[in-house]
**Q** 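Provided herewith is a single structure, encoded as structure tokens, for subsequent inquiry.
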Amino acid sequence: MANILKVLKGTKDILPQEIEMWHFIEQKADEVFSKYGFKEIRTPIIEVTELFSRGVGDTTDIVNKEMYTFEKSDRSITLRPENTAGVVRSYIENGMSRLSAPVKLWYKGPMFRYERPQAGRQRQFHQVGVEMFGIKQATADAEVILMAVNYLKALGLNDLEVELNSLGCPTCRDEFKNRLKEVLKPYFEELCEDCQNRYEKNPLRLLDCKVDSCKKIFEKPEVQEVINSDFICDECAEHYTELKLYLDRMQVKYNENKLLVRGLDYYNRTVFEIKSNNLGSQNAVCGGGRYDALVGQLGGEPTPAVGFAMGMERLISLLPEKESKKLDGYIVSNFPTDAFILAEELRKDGLNVEFDLSNKKFTKQLEKAAKVAKYAFILGEEEILKHQVSIKNLETGQQIKADRGFALKMLDF
Ligand code: ATP
Ligand code: MG
């Protein structure tokens with residue numbers, strides 16, 4: 001026998017018994033995001049590699065280590081590791097800046113990152129996310145965070161925590177970066193390899209490090225003093241204060257976390273994450289923030305923007321399992337042509353119906369009906385002669401006989 005081929009490491013099939021959970025979170029996304037005026041956009045899964053090296057940033061793990069990149073006709077192409085860059089490309093390319101602001105877009109779909117697979121971390125995973133373009137005021141940040149929380153509530157997830165921080169703007173952040181580098185300099189040799197590499201290129205990312213020995217260094221009083229200093233400039237501080245006021249008024253609870261810096265280069269001012277305590281170490285379900293420089297960086301008119309992305313597998317792992325939907329009806333009959341005809345009649349009337357395609361015994365068919373359907377539609381010789389059908393409620397066991405045309409009306413017994 002030939003070798004059995006297996007799914008690639010870090011990827012998964014979404015099986016029929018799981019698909020209802022996916023439909024549920026996708027439909028809720030459409031429902032909730034539409035309430036806020038967001039429209040769905042679908043961008044290609046492959047993009048030119050440069051979009052991500054310029055958009056996501058050369059110093060990020062995503063671009064450095066995690067991209068699936070290949071050559072085709074002398075072009076370097078990458079499977080999208082995230083979708084903000086793709087949406088921004090589309091916004092620019094399709095002249096959406098001419099539309100009246102804000103432009104509100106949402107997306108869902110697969111993303112690809114070459115990471116070490118583990119619980120909550122796959123190589124092909126799915127995100128649902130939103131991007132809002134054209135608004136610099138904190139109202140936009142607040143609306144996006146509120147909408148994320150309301151989406152999670154609509155899924156039935158209440159036990160989640162919003163973490164919030166402001167990274168300031170490039171000007172005030174530069175000063176902070178320098179102070180951080182200075183205070184960490186004496187400890188450079190003790191930092192982990194990743195942190196040493198990031199020290200020059202992206203010192204803010206050090207704060208995100210999960211290595212214990214690095215965390216210990218960040219707890220030293222002089223380092224804490226720098227981390228907790230109010231480095232952000234007056235305008236950034238005002239934006240942050242406003243955002244917090246809106247969130248308070250909208251009764252969105254949040255924890256401020258000065259160590260929250262997010263992995264990507266493009267954020268400024270607001271960054272946030274939503275975490276669950278029920279997810280183990282991969283506990284972030286949502287990450288987002290403001291990225292006012294990205295549209296300009298990718299060649300568009302400078303346009304303020306804010307958005308988030310959620311990991312759909314992580315959302316699903318937090319939800320109670322849904323039972324697969326049963327068929328409305330299963331036709332039990334030894335007369336396949338009549339069963340065929342009745343099945344089509346009922347399907348036209350809007351029911352989900354199957355019948356036995358393989359000439360099984362009557363009792364076997366009835367057993368199958370009890371497993372897969374709510375009602376058995378029984379067509380024996382007598383029913384066929386009288387143009388009737390017996391309908392058995394497979395939950396209660398009750399059975400009635402009805403004329404074919406009226407059969408549907410009898411279903412509420
Ligand atoms: P993490 O800290 O978990 O690596 P991240 O900062 O890389 O997350 P983002 O790029 O902000 O994540 O993506 C947003 C969300 O997408 C995450 O909060 C998470 O729920 C989900 N996510 C990210 N990477 C993966 C992955 N490899 N597998 C499954 N879900 C993921
Ligand atoms: Mg990551």
Side-chain angles (χ1 to χ4, degrees), residues 7-14 18 21-22 25 29 51-52 55-57 59-68 78-88 106-131 144-145 148-149 151-152 155 157 160-165 167 194 198 202 204-211 215 257 259-267 270-291 294 305-319:
V7 75
L8 274 173
K9 196 172 157 194
T11 70
K12 272 189 184 151
D13 298 313
I14 297 173
E18 297 158 322
M21 305 282 280
W22 287 84
I25 64 173
L51 175 66
F52 304 111
V56 179
T59 62
T60 58
D61 284 352
I62 292 184
V63 171
N64 275 330
K65 305 186 199 156
E66 298 174 1
M67 295 209 299
Y68 281 89
T78 292
L79 300 183
R80 65 182 184 194
E82 56 93 81
N83 207 24
T84 299
V87 172
V88 169
W106 76 273
Y107 61 82
K108 57 169 193 269
M111 309 294 156
F112 304 83
R113 296 185 194 175
Y114 191 70
E115 308 195 64
R116 191 169 69 79
Q118 52 192 295
R121 206 179 279 299
Q122 292 172 209
R123 289 180 173 170
Q124 175 175 342
F125 63 102
H126 297 75
Q127 287 184 335
V128 55
V130 312
E131 318 292 351
V144 159
I145 295 174
V149 170
Y151 171 57
L152 295 166
L155 297 181
L157 302 173
L160 296 162
E161 291 187 2
V162 179
E163 302 217 325
L164 193 63
N165 193 17
L167 300 177
D194 273 344
R198 289 172 182 152
N202 196 353
L204 271 193
R205 278 300 309 284
L206 269 61
L207 301 179
D208 208 19
C209 184
K210 306 284 185 293
V211 176
K215 280 193 194 163
N257 177 1
L259 296 180
L260 180 67
V261 292
R262 311 273 309 119
L264 314 178
D265 273 358
Y266 49 57
Y267 291 114
T270 312
V271 285
F272 66 98
E273 261 180 13
I274 305 181
K275 293 186 169 161
S276 160
N277 293 324
N278 304 324
L279 271 181
S281 54
Q282 263 50 262
N283 64 355
V285 290
C286 174
R290 178 167 278 283
Y291 50 95
L294 185 58
V306 52
F308 65 71
M310 296 194 186
M312 296 172 83
E313 281 80 2
R314 291 190 200 175
L315 291 179
I316 284 176
S317 70
L318 288 171
L319 293 173

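None of the values given here were measured: they were computed from a predicted structure. Each ligand, and each atom within it, is numbered from 1 in the order the structure gives. Note that the numbering runs from 1 along the sequence shown for the chain.
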**Q** Can you tell me which portion of Arg113 lies within the under-4.0 Å heavy-atom range of ligand 1? Options are side chain, backbone, both, or neither.
**A**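 The part of Arg113 near ligand 1 is the side chain, not the backbone.
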**Q** Measuring from non-hydrogen atoms of Gln122 to any atom of ligand 1, is the shortest distance under 4.0 Å?
**A**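 So Gln122 counts as touching ligand 1.
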**Q** To the nearest 0.1 Å, how far is atom 27 (N) of ligand 1 from its closest protein heavy atom, and which atom is that?
**A**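 Looking at atom 27 (N) of ligand 1, the protein heavy atom closest to it is Glu115 OE2, 2.7 Å.
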**Q** Check whether any side-chain heavy atom of Ile62 lies under 4.5 Å from a side-chain heavy atom of Phe52, and answer yes or no.
**A**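 A side-chain contact under 4.5 Å is absent here.
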**Q** Among the heavy atoms of Arg262, does any lie under 4.0 Å from an atom of ligand 1?
**A**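 Flag set, Arg262 near ligand 1.
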**Q** What's the separation between atom CZ in Phe272 and atom OH in Tyr267, rounded to the nearest 0.5 Å?
**A**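 Answer rounded to 0.5 Å: 7.5 Å.
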**Q** Is it the case that more than 12 heavy atoms not belonging to Tyr68 sit under 6.0 Å from its OH atom?
**A**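 Yes, enclosed.
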**Q** Please determine if Arg198 and Asp208 form a salt bridge, counting it only when a charged side-chain N lies under 4.0 Å from a carboxylate O.
**A**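 Not counted as a salt bridge, because no side-chain N and carboxylate O are separated by less than 4.0 Å.
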**Q** Do me a favour and list the nearest non-hydrogen protein atom to atom 22 (N) of ligand 1 with residue, atom name and distance?
**A**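 Ranking protein heavy atoms by distance from atom 22 (N) of ligand 1, first comes Phe125 CE1, 3.5 Å.
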**Q** Assess whether a salt bridge exists between Glu161 and Lys275, defined as any Lys/Arg side-chain N lying under 4.0 Å from an Asp/Glu carboxylate O.
**A**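 No salt bridge links Glu161 with Lys275.
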**Q** Is atom 8 (O) of ligand 1 touching the protein, meaning some protein heavy atom lies under 4.0 Å away?
**A**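 There is no protein heavy atom less than 4.0 Å from atom 8 (O) of ligand 1.
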**Q** Between Gln122 and Thr11, do the side chains contain a donor N or O and an acceptor N or O under 3.5 Å apart?
**A**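 Side-chain D/A pair, Thr11 to Gln122: absent.
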**Q** I'd like the name of whichever of Gly10, Gly120, Ser317 reaches closest to atom 29 (C) of ligand 1 through any heavy atom.
**A**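 It is Gly120 that holds the nearest heavy atom.
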**Q** Quick check on Gln282 - does any of its heavy atoms sit under 4.0 Å from an atom of ligand 1?
**A**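 No, that is not the case, since the closest heavy atom of the residue is not under 4.0 Å from the ligand.
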**Q** Would you mind listing which atoms of ligand 1 come within a distance below 4.0 Å of any non-hydrogen atom of Gly311?
**A**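 The atoms of ligand 1 under 4.0 Å from a heavy atom of Gly311 are 15 (C), 16 (O), 20 (O), 21 (C).
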**Q** Check whether Phe112 forms a cation-pi arrangement with Arg123 (NZ or CZ under 6.0 Å from the six-membered ring centre, at most 45° off the ring normal).
**A**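 Output no; distance or angle outside limits.
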**Q** Compute the shortest N/O to N/O distance between Met310 and ligand 1 and return yes if it is under 3.5 Å, no if not.
**A**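 Among all N and O atoms of Met310, none is under 3.5 Å from an N or O of ligand 1.
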**Q** Answer yes or no: is there an ion pair linking Lys210 with Asp194, defined by an N-O contact shorter than 4.0 Å?
**A**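 The answer is no: the pair does not qualify as a salt bridge.
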**Q** Supply the atom-to-atom distance Leu155 CG to Ile316 CD1, rounded to the nearest 0.5 angstrom.
**A**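 If we round to the nearest 0.5 Å, Leu155:CG and Ile316:CD1 are 9.5 Å apart.
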**Q** Using a strict cut-off of 4.0 Å, indicate which atoms of ligand 1 neighbour a heavy atom of Val285.
**A**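 Once the distances to Val285 are compared, the set is 18 (O), 20 (O).
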**Q** Quick one: does Arg121 get a heavy atom under 4.0 Å from ligand 1?
**A**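 Contact present.
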**Q** Considering Gln118, Arg116, Gln127, which one's heavy-atom position lies nearest to atom 13 (O) of ligand 1?
**A**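 Shortest heavy-atom distance from atom 13 (O) of ligand 1: Gln127.
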**Q** Heavy-atom distance to atom 17 (C) of ligand 1: which of Ala284, Gly129, Pro81 wins?
**A**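 Considering heavy atoms of Ala284, Gly129, Pro81, the nearest to atom 17 (C) of ligand 1 sits in Ala284.
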